[in-house]
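The next block holds one structure in the form of structure tokens; read it before the comments.
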Amino acid sequence: MKIYNLTGYLIILSYVLACMYFAPAHLGPWNGILIGGVYFIFCWFLGGLYLADVLHLGIAHRSLDYKEWFIKAVTIVNNVFGLYVDPIAWVNRHRLHHLHADHLGDPNKLSDDGFWRTLYLCLMPYQCQENLAGDRILRSRTFRVAANPIFAILAQAFSFYLLWKLVGGLKFALAMWIGIRIFAAWVNMVQNYWTHTRQFGYRRYDDEQDNAMNIGEWLPVTATFSACLQNNHHHYPRLLRLSHDKSEYDFGFITVKFMKLLGLVKATKKGAELPEDVPLGALEF
Ligand SMILES: [Zn+2]
């Protein structure tokens, strides 16, 4: 088994065991797993929707055109109840990452940065040298509030308190709280380290200027909402889907298609342009 898959499965297993062990007596271990599972899936799904679908394809690349109220609702709900990520800083870092991928100016990782250095950079990225996040929606009150550090602290403290009171055990709440954040760090490492280091994954496009790789197994694709298909994505960053072949499993695209069905999103002109050398035949959106 590949090291990134093994690490991911071990984190999930440890999370399940911690939920069993720390579940308060009135709940018992099986209810502990059930509640822990619900919290895990809630945070993962909301986080994927927020980062991969909305911030990434909706704002950073403008491949998808979401209803504005939906973007704002996802931003607030995720940052209050799920895993906090500053939306303005994220969009800026992501655009700089594409502009300077794996080179000086990429806030995520430089070509020679190893595993531990990149893990540290997930928490403390390189200083951004430019501001590429001047979009109208990012200047809206909702986004300015969501990007405020005081909001971040209050929102996360509130949701921890809520979780603690709901499950009735401090240690149990802490185990879930910390556990899901360790999983999120792994998701971050799949995108920043394993899919930007040439010895992992595969390449469809032989782009010399970056180290972006595709990782296509079930767990990383599902966990990252397909953001681990980095070689495809760096080659055609505006395209609204990250899989470039029917054989590539694409969980993120399934979620976007479902939101389209609900009338929440449509393609932008650039997002729907299918380049000729992408072997899909049709966009299927
Ligand atoms: Zn991107």
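Start at 1 and go down the list; that is how both ligands and their atoms are numbered.
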Return each pair, listed once, that meets ring-ring contact (aromatic ring centres under 6.0 Å, His included) where at least one residue sits in residues 112-147; pairs must be two or more places apart or across chains.
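Qualifying pairs: Phe115-Tyr193, Phe115-Trp194.
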For residues 9-34, which residue pairs qualify under ring-ring contact (aromatic ring centres under 6.0 Å, His included), counting only residues two or more places apart or in two chains?
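Matches after skipping sequence neighbours: Tyr15-Phe40.
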Can you give each donor-acceptor pair under 3.5 Å made by side-chain atoms of residues 210-217, sequence neighbours left out, with the distance rounded to 0.1 Å?
from   : atom 1 : to     : atom 2 : distance (Å)
Asp210 : OD1    : Arg203 : NH2    : 3.1
Asp210 : OD1    : Ala212 : N      : 2.9
Asn211 : OD1    : Arg198 : NE     : 3.0
Asn211 : ND2    : Ser111 : OG     : 2.8
Asn214 : OD1    : Gln230 : N      : 3.4
Asn214 : OD1    : Asn231 : N      : 3.0
Asn214 : OD1    : Asn232 : N      : 3.0
Asn214 : ND2    : Asn232 : OD1    : 2.9
Glu217 : OE1    : Tyr4   : OH     : 3.1
Glu217 : OE2    : Tyr4   : OH     : 3.1

Ring-plane angle category for Phe253 and Phe285, please: parallel below 30°, perpendicular beyond 60°, tilted otherwise.
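The arrangement is tilted - the two ring planes meet at 30° to 60°.
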Please verify the inter-ring angle class for His233 with His94; under 30° counts as parallel, over 60° as perpendicular, anything in between as tilted.
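Parallel, since the angle between the ring planes stays under 30°.
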Is it true that Glu68 and Arg136 have a side-chain N and a carboxylate O under 4.0 angstrom from each other?
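Counted as a salt bridge, because a side-chain N and a carboxylate O are separated by less than 4.0 Å.
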What are the protein N/O/S atoms, named by residue and atom, that sit under 2.8 Å from the Zn ion (ligand 1)?
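Only His56 NE2, His61 NE2, His94 NE2, His98 NE2, His233 NE2 fall inside 2.8 Å of the Zn ion (ligand 1).
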